[in-house]
Number of protein chains: 2
Amino acid sequence: MTDTFVAGTGIAVFDRAPATRSADQVEHAVRAALADAAVGLDQIDAVYVGNAASGLLTGQEMIRGQVLLRQFDLRGVPVVNCENACASGSTALHLADTALRAGRAGTVLVVGAEKMASEDKQRPMIALAAAVDQERLEEESPDVRGSGSLFMDIYAQLARDYMDKHGATPEDFAALVVKNRRHASHNPVAQFTAAITVEEVLDSRLINDPLTLPMCSPIGNGAAAVILTVEPAPEATTVRLLASSLVSGRGQHSEPAVAHAARLAFRQSGVSPGDVNLAEVHDATAPAELIALEELGLLAPGEGVFAVRKGRLSVGGDLPTNPSGGLVCKGHPVGATGVAQVVEVADQLRGRAGGRQVEGARIGITENAGGWLGGDVAAAAVHLLGR
Amino acid sequence: MTDTFVAGTGIAVFDRAPATRSADQVEHAVRAALADAAVGLDQIDAVYVGNAASGLLTGQEMIRGQVLLRQFDLRGVPVVNCENACASGSTALHLADTALRAGRAGTVLVVGAEKMASEDKQRPMIALAAAVDQERLEEESPDVRGSGSLFMDIYAQLARDYMDKHGATPEDFAALVVKNRRHASHNPVAQFTAAITVEEVLDSRLINDPLTLPMCSPIGNGAAAVILTVEPAPEATTVRLLASSLVSGRGQHSEPAVAHAARLAFRQSGVSPGDVNLAEVHDATAPAELIALEELGLLAPGEGVFAVRKGRLSVGGDLPTNPSGGLVCKGHPVGATGVAQVVEVADQLRGRAGGRQVEGARIGITENAGGWLGGDVAAAAVHLLGR
């Protein structure tokens with residue numbers, strides 16, 4: 001199988017202004033990625049665009065990528081529009097990597113984008129609820145005090161289950177927010193960068209017990225771009241895509257989708273969880289960071305509680321997680337997230353992460369999950385990168 | 001490059017009942033395709049789902065395929081949801097073929113589906129308008145008497161241009177409808193199967209000159225499924241996928257997207273336009289059938305007029321086109337169309353097309369196009385199949 005490489009990355013500032021234009025954010029991210037890769041538009045053979053819910057969020061459906069990229073002269077190369085809820089961006093990456101491995105393209109552009117902020121604050125909440133089966137909404141919704149956000153209700157239930165099982169406390173989840181805010185303070189594209197204390201997190205508005213507002217990823221706009229190629233860059237800057245796995249949920253009666261995706265990715269790559277130097281995981285809420293690390297096999301079940309208490313998950317610890325600030329602090333413009341995670345890991349592996357740099361990082365992992373169906377995420381993707 | 005093969009096909013009856021459930025149509029098509037291929041669900045390595053506008057049509061976005069396939073136990077295999085307006089189905093086919101050629105899968109399921117019929121008759125019209133740039137709606141709309149359907153206005157303009165250039169008449173377009181109704185009368189899944197005369201077509205309600213109602217593809221529901229595999233079936237029933245091309249529009253200043261896609265497909269396959277025994281083309285309106293045949297290089301510019309007058313495009317003629325009835329008579333549930341075209345061609349090549357069988361057909365072509373951007377379709381796909 002052909003090897004593939006990350007030749008360039010670009011990312012727009014994640015914000016929450018209703019006036020932000022997604023096409024402008026995409027333009028910024030794509031131009032940055034092309035410049036980083038020293039690749040011209042005329043060298044791009046295909047484009048893969050991940051967007052989760054632009055139909056319901058903005059009214060633009062069907063040809064999302066062509067519209068977002070209208071300002072570029074793509075000379076007729078294929079534009080593939082894909083969606084997999086919050087895993088849309090990594091689905092686009094997976095398709096791009098697949099096209100390279102098939103020999104259908106030599107260099108491709110991957111874009112993840114989402115415009116979520118709206119003057120109508122209910123609109124994103126309604127749109128995000130389309131990530132579950134619309135004919136079975138009641139069945140899929142957990143039987144809890146509703147927060148107004150279906151997914152925050154689901155995540156709150158997952159957090160309570162984790163607390164019951166492993167003795168985690170709200171203080172532990174708050175400590176994750178404090179850590180990720182510190183990371184985000186060094187990330188110029190992050191949405192929330194101000195320092196916060198455990199007490200401030202716990203004293204914030206309760207969304208759904210135990211989640212308070214700062215523990216929940218915010219509504220926001222964002223775009224990220226990656227150039228993937230079969231041609232390696234010079235040794236010093238080569239980032240290799242070691243594995244790309246995409247799976248669907250199998251429901252509650254089997255292995256969780258994230259664990260399944262991780263197992264496939266580690267098998268593809270030949271590296272093992274102990275080789276991983278940093279992780280970008282899908283912390284749609286703070287507790288999900290611990291659950292993800294455990295499902296990925298980077299921590300044993302319940303070990304997350306002790307990992308956060310000992311500071312192992314901070315930059316400087318032995319398993320630095322979400323150095324970008326993660327979804328909770330960097331932001332979670334859903335279709336952009338999977339691509340943004342790979343941007344962060346690739347930049348880390350090239351030593352370009354500034355104040356949040358994980359020193360000596362050689363292998364990184366991303367985990368991106370989306371939707372909810374039958375008691376598990378509907379889609380999960382894991383990417384392993386190395387240099 | 002690995003060869004790929006159509007192992008099985010399935011299709012649901014195209015209808016226009018608001019109560020039809022898309023998941024039921026998908027279930028029917030998938031079970032038929034699995035049975036035809038003599039393949040179990042446990043042999044499917046990945047699923048590619050084409051749907052154009054379910055976000056706006058039904059409110060289900062983000063995890064469309066997982067929801068449509070919920071009744072199947074897919075054991076966690078990846079489900080990729082893709083859209084490219086009316087070319088969504090063939091985009092799914094293209095991605096599936098790519099995954100096989102990359103060695104990422106050995107046998108895959110491709111599904112195209114759309115639920116369009118609604119008690120609210122305006123809803124499909126509004127949704128379909130999302131296949132153009134929503135920020136430039138006025139710029140993209142032709143300056144004509146509006147029919148209430150943006151795409152019928154665009155197609156009417158294309159028809160008038162074709163008439164001006166090549167001397168085609170409304171009678172020629174009506175003759176195409178008569179021909180395709182005759183074809184559809186032998187197709188048990190077609191939406192419009194009653195015989196019609198040229199006079200009846202011309203006397204029907206005018207949508208936008210020269211298009212009358214029977215010249216326009218209807219709103220409808222439908223689903224189609226194809227099993228693609230790297231393992232050939234026994235010689236007698238092997239249908240080989242000779243080429244799969246997907247391109248985006250390049251605007252008015254260059255080769256039309258359909259011509260571009262055809263050029264790539266013929267180059268990939270090594271066959272030439274003269275080798276083609278039958279065509280399924282994207283006749284969203286009757287005149288588009290002639291334009292497509294010419295852009296594909298199957299007919300010279302303007303030759304379509306004479307081809308229809310001489311009956312060359314009928315089953316029994318030398319270039320039988322849309323033996324299924326085409327979009328105008330079989331129906332055009334947008335996300336299903338590209339897959340349904342391949343179902344028809346594969347069934348024709350295996351001699352299973354009953355009263356509409358093209359005798360001795362060995363090579364067939366499909367052309368599927370979608371969206372509108374800058375004076376051309378936003379996406380176009382061409383597939384060549386042979387036995």
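Within every chain, numbering begins at 1; the chains are lettered A, B, ... in the order of the sequence lines, protein sequences first and strands thereafter. These numbers come from the heavy atoms of this one structure, side chains and all, not from hydrogens, waters or symmetry mates. Source: prediction; values computed, not measured.
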Chain B: which of [options] shares the most heavy-atom pairs with it under 4.5 Å?
options: A/Leu246, A/Asp73, A/Leu264, A/Val47; answer: A/Leu246
options: A/Leu128, A/Val67, A/Leu74; answer: A/Val67
options: A/Asn51, A/Val49, A/Thr91, A/Leu95; answer: A/Leu95

If I measure from the heavy atoms of chain A, does [X] come under 4.5 Å with its side chain, its backbone, both, or neither?
X: B/Ala127; result: backbone
X: B/Ala99; result: both
X: B/Asp97; result: both
X: B/Val79; result: both

Quiz item: Under 6.0 Å from the CZ atom of B/Arg75, do we count more than 12 heavy atoms belonging to anything else shown?
Solution: yes
Quiz item: Do other residues, nucleotides or ligands put more than 12 heavy atoms under 6.0 Å from A/Arg21 CZ?
Solution: yes
Practice problem: State the CG-CG distance between A/Leu68 and B/Asp133, to the nearest 0.5 angstrom. | Solution: 9.0 Å
Self-check item: Separation of B/Arg104 CZ from A/Thr98 OG1 (nearest 0.5 Å)
Solution: 4.0 Å
Quiz prompt | Region of A/Val77 in contact with chain B, defined by heavy-atom distances below 4.5 Å | solution = backbone
Quiz item: Side chains of B/Gln66 and A/Asn84: donor-acceptor distance under 3.5 Å anywhere?
Solution: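 Short answer, yes.
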Quiz item: Among residues 54-62 of chain A, which residues come closer than 4.5 Å to chain B, judged by heavy atom distances?
Solution: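 A/Ser54, A/Gly55, A/Leu56, A/Gly59, A/Gln60, A/Glu61, A/Met62, listed by number.
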Exercise. Return the option, out of B/Gly371, B/Ala381, B/Ala379, B/Ala378, with the maximum number of heavy-atom pairs under 4.5 Å with chain A.
Key: B/Ala378
Quiz item: How far apart are the closest heavy atoms of A/Ile63 and B/Ala130, and which atoms are they?
Solution: CG1-O, 4.3 Å
Quiz prompt | From CA spacing to verdict: side-chain contact (heavy atoms from CB on, under 4.5 Å), B/Leu373, A/Arg70 | solution = CA-CA 9 Å; B/Leu373 203 69; A/Arg70 189 165 181 162; 3.4 Å; yes
Quiz item: Between the side chain of B/Asn81 and the main-chain N/O of A/Glu83, is any donor-acceptor distance below 3.5 Å?
Solution: yes
